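Report on the following structure.
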Amino acid sequence: MNSLRTALAAGLLVVQPIAARAQIEITLKNSFIEQYKDLTSIDATFTVDKAHRTPNPPAKDGDMHIAGRAPQIGLATVAEIMNAASENAAVALVHSVEGTGDTVRITGAWRIWCEHAGIVAQVQGNNLAPFTTTNPPHVFEIHPITQLGPAPVLDSWVPIDGYTPKEAGAAFLNYENRKSQISVSSTRNTTTIATTMAGYNYVEFKMVLNGEQQVVTDGRFVMAQVLDLQNELLVHNRRMVFVKGTAPEQKVQTLQAGDTLHVLGIPRIDLALVSYRVRNRATRPDALTWSLPYEIVVVGVYGDTASPSR
């Protein structure tokens with residue numbers, strides 16, 4: 001493992017083109033990619049089809065899963081309230097509209113990730129029947145939620161007490177070596193990402209800010225090094241996502257290049273890198289077979305954080 005980490009940190013791992021047996025295909029509208037590639041979150045008019053009766057216990061991650069559909073997304077979607085046991089009003093609102101056909105406004109971090117994709121191609125814009133399970137095959141999540149109906153749920157963006165996150169070395173090795181193939185349909189104005197099943201949902205790690213923060217309308221992005229909890233370098237430069245108004249976003253505002261943040265994060269496909277590879281495919285066709293482009297949504301900050309690394 002140490003040799004693999006060292007190679008990863010040094011940028012020496014060679015990524016081969018994806019095998020023909022790729023299990024998952026995600027087809028997105030190019031307009032959607034361009035709209036959300038530099039946004040941290042999405043605002044959706046959500047029809048709640050099926051929700052967990054009660055939140056998961058903390059040892060199982062503490063989330064509440066809400067399966068449904070939204071015209072702004074056009075894909076099977078699961079929205080998740082983080083630390084849901086402390087969000088009684090939001091949970092009650094979900095159950096009040098569940099299965100009724102009524103909609104509720106949900107805002108939160110958009111997330112495309114192949115943890116529960118199944119084997120059916122996920123095509124944006126296809127007709128979707130109401131779901132009868134809280135975990136239908138899906139690649140799109142609103143996770144975590146920041147607002148549900150009129151009530152904000154920003155207080156839920158904290159580390160999960162009683163949950164053991166994934167170990168950073170194993171998680172980032174998995175992310176960095178996830179293969180992908182990107183293809184473009186000019187006639188349909190869509191982009192398809194082919195990849196394989198991925199996990200490692202919540203990971204605990206340290207990030208060292210590499211430079212200036214990119215402020216956007218709904219939060220900010222920052223490039224950062226990734227370290228494990230023993231301060232071993234895992235990744236030289238990866239984009240981190242901070243959703244506006246959350247505790248992680250408020251904390252990172254106080255930091256500058258070289259500072260360290262001890263965080264809890266979840267991975268998602270980086271649509272900005274997808275867009276870049278598509279735009280440059282004529283001069284860099286190999287870019288379409290590079291490893292899966294990903295970024296990390298920072299969903300919690302630990303108390304021993306913001307220690308300067310200088």
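Everything numeric in this text was worked out from a predicted model, so none of it was measured. Here, residue 1 is the first one in the sequence, and each next residue gets the next number.
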Closer than 3.5 angstrom, by distance alone: can the side chain of Glu87 be matched with the main-chain N or O of Ala90 as a donor-acceptor pair? no
Pick one: which of Thr146, Thr40, Thr107 meets side-chain hydrogen bond (donor to acceptor under 3.5 Å, both in side chains) with Asp218? Thr40
Answer yes or no: does atom CG of Asp155 have more than 12 heavy-atom neighbours from other residues, nucleotides or ligands under 6.0 Å? no
Hey, are the side chains of Gln214 and Arg239 touching, using non-hydrogen atoms and a 4.5 Å cut-off? yes
Are Val243 and Val78 connected in a single hydrophobic cluster, I mean Ile/Leu/Val/Met/Phe/Trp/Tyr linked by side-chain heavy atoms less than 4.5 Å apart? no
Can you tell whether the side chains of Glu295 and Arg238 come within less than 4.0 Å, N to carboxylate O? no
Measuring from atom CG of Leu288 to atom CD1 of Ile193, what distance do you get when rounded to the nearest 0.5 angstrom? 11.0 Å
Going through the checks in order, is the side-chain contact (heavy atoms from CB on, under 4.5 Å) test met by Thr191 and Val274? CA-CA 9 Å; Thr191 295; Val274 172; 4.1 Å; yes
Between Thr27 and Gln122, is there a side-chain donor-acceptor contact under 3.5 Å, judged purely by atom types and distance? no
Pick one: which of Thr77, Thr134, Ile81 meets side chain to side chain contact (heavy atoms under 4.5 Å, CB included) with Ile66? Ile81
CD of Glu141 to CG of Leu75: how many Å apart, nearest 0.5 Å? 12.0 Å
Verify same cluster id: Val153, Val298 (apolar side-chain graph, 4.5 Å): yes
Evaluate the side-chain proximity of Ile26 to Cys114: yes if any heavy-atom separation is below 4.5 Å, no if none is. yes
Rounded distance [0.5 Å steps], CG in Leu39 versus CG in Leu271: 10.0 Å
Between Asn83 (side chain only) and Ser156 (backbone N and O only), is there a donor and an acceptor less than 3.5 Å apart? yes
Using the side chain to side chain contact (heavy atoms under 4.5 Å, CB included) definition, which of the options Ile142, Ile42, Val297, Ile266 pairs with Arg111? Ile266
For a 4.5 angstrom cut-off between non-hydrogen side-chain atoms, does Arg268 reach Phe140? no
Count the heavy atoms of every other residue, nucleotide or ligand shown that sit under 6.0 Å from CZ of Arg188, and state whether that count exceeds 12. no
What one should report as the nearest heavy-atom pair of Ala84 and Val91 is O-CG2, 3.7 Å
Determine, using ring centers only, whether Phe242 and Phe221 are less than 6.0 Å apart. no
To the nearest 0.5 Å, what is the distance between CE (Met207) and CE (Met223)? 10.0 Å
Indicate yes or no: at least one non-hydrogen side-chain atom of Thr132 is less than 4.5 angstrom from one of Lys50. no
Following the transitive rule for hydrophobic clusters with a side-chain heavy-atom cut-off under 4.5 Å over Ile, Leu, Val, Met, Phe, Trp and Tyr, establish whether Met82 and Tyr163 coincide in one cluster. yes
side-chain contact (heavy atoms from CB on, under 4.5 Å) evaluation trace for Leu261 with Val252: CA-CA 8 Å; Leu261 207 56; Val252 80; 4.3 Å; yes
Does the side-chain contact (heavy atoms from CB on, under 4.5 Å) test come out yes or no for Leu209 and Gln225, once each step is laid out? CA-CA 7 Å; Leu209 281 68; Gln225 298 176 31; over 6 Å; no
I would like to know whether His262 and Glu204 meet side chain to side chain donor-acceptor pair (under 3.5 Å); could you show each step before the answer? CA-CA 8 Å; His262 179 189; Glu204 181 182 356; 2.6 Å; yes
Working to the nearest 0.5 angstrom, can you tell me the gap between Arg281 CZ and Ile182 CD1? 10.5 Å
Honestly curious: do Val123 and Trp113 fall in one hydrophobic cluster under the side-chain, below-4.5 Å linking rule? no
Taking NZ, NE, NH1 and NH2 as the nitrogens, is one of them in Lys251 or Asp259 under 4.0 Å from a carboxylate oxygen of the other? no
Can you name the nearest heavy-atom pair linking Leu255 to Gln213, along with the distance? O-NE2, 3.4 Å
Between Asn237 and Asn210: side-chain donor-acceptor atoms closer than 3.5 Å: yes
Is a salt bridge present between Asp228 and Lys206, judged by a nitrogen-to-oxygen distance below 4.0 Å? no
Measure up the Tyr294 and Phe172 rings against each other and bin them: parallel (under 30°), tilted (30 to 60°), perpendicular (over 60°). tilted
Polar side chain donor-acceptor pair, Asn189 to Asn30, under 3.5 angstrom: no
Report yes if the side chains of Asn231 and Thr260 come closer than 4.5 Å at any heavy-atom pair, otherwise no. no
Give a yes or no on whether a salt bridge exists between Arg220 and Glu249, defined as a side-chain N under 4.0 angstrom from a carboxylate O. yes
Between Phe131 and His65, is the gap from one ring center to the other below 6.0 Å? no
Neighbour count above 12 (heavy atom, 6.0 Å) for Asp161 CG: no
Does any part of the side chain of Thr195, heavy atoms only, come nearer than 4.5 Å to the side chain of Lys179, both counted from C-beta? no
Gln230 side-chain N/O to Glu232 backbone N/O, donor-acceptor pair under 3.5 Å: no
Minimal non-hydrogen separation, Ser275 against Lys37, with atom names: OG-NZ, 3.4 Å
Tell me whether the rings of Tyr36 and Phe32 are parallel (<30°), tilted (30 to 60°) or perpendicular (>60°). tilted
Does Arg69 qualify as a cation-pi partner of Phe46, given the criterion of NZ or CZ under 6.0 Å from the six-membered ring centre and within 45 degrees of its axis? no
Would the distance check show the side chain of Asn174 and the main-chain N or O of Ala170 forming a donor-acceptor pair, the cut-off being under 3.5 Å? no
Begin from the C-alpha positions of Ile296 and Val241 and carry the test side-chain contact (heavy atoms from CB on, under 4.5 Å) through to its verdict. CA-CA 6 Å; Ile296 301 291; Val241 182; over 6 Å; no
Which pair of non-hydrogen atoms, one from Pro58 and one from Ile160, has the smallest distance, and what is that distance? O-CG2, 4.1 Å
Closest approach of Arg105 to Gln147 (non-hydrogen atoms, all atoms of both residues): NH1-NE2, 3.6 Å
Consider only side-chain heavy atoms of I, L, V, M, F, W and Y, link residues closer than 4.5 Å, and tell whether Ile106 and Leu93 are in one cluster. yes
Can you confirm whether the side chains of Tyr200 and Glu115 place a donor and an acceptor under 3.5 Å from each other? no
Min side-chain heavy-atom separation Thr103-Val97 under 4.5 Å: no
Once you round to the nearest 0.5 Å, how far does NZ of Lys29 lie from OG1 of Thr190? 10.0 Å
For the residue pair Ala51 and Glu98, what are the closest heavy atoms and their distance? N-OE2, 3.0 Å
Using side-chain heavy atoms (C-beta onward) and a distance below 4.5 Å, is Leu234 in contact with Leu227? no
Stepwise ring pair (Phe, Tyr, Trp, His ring centres under 6.0 Å) test for Tyr202 and His143: CA-CA 11 Å; Tyr202 283 111; His143 182 199; 5.7 Å; yes
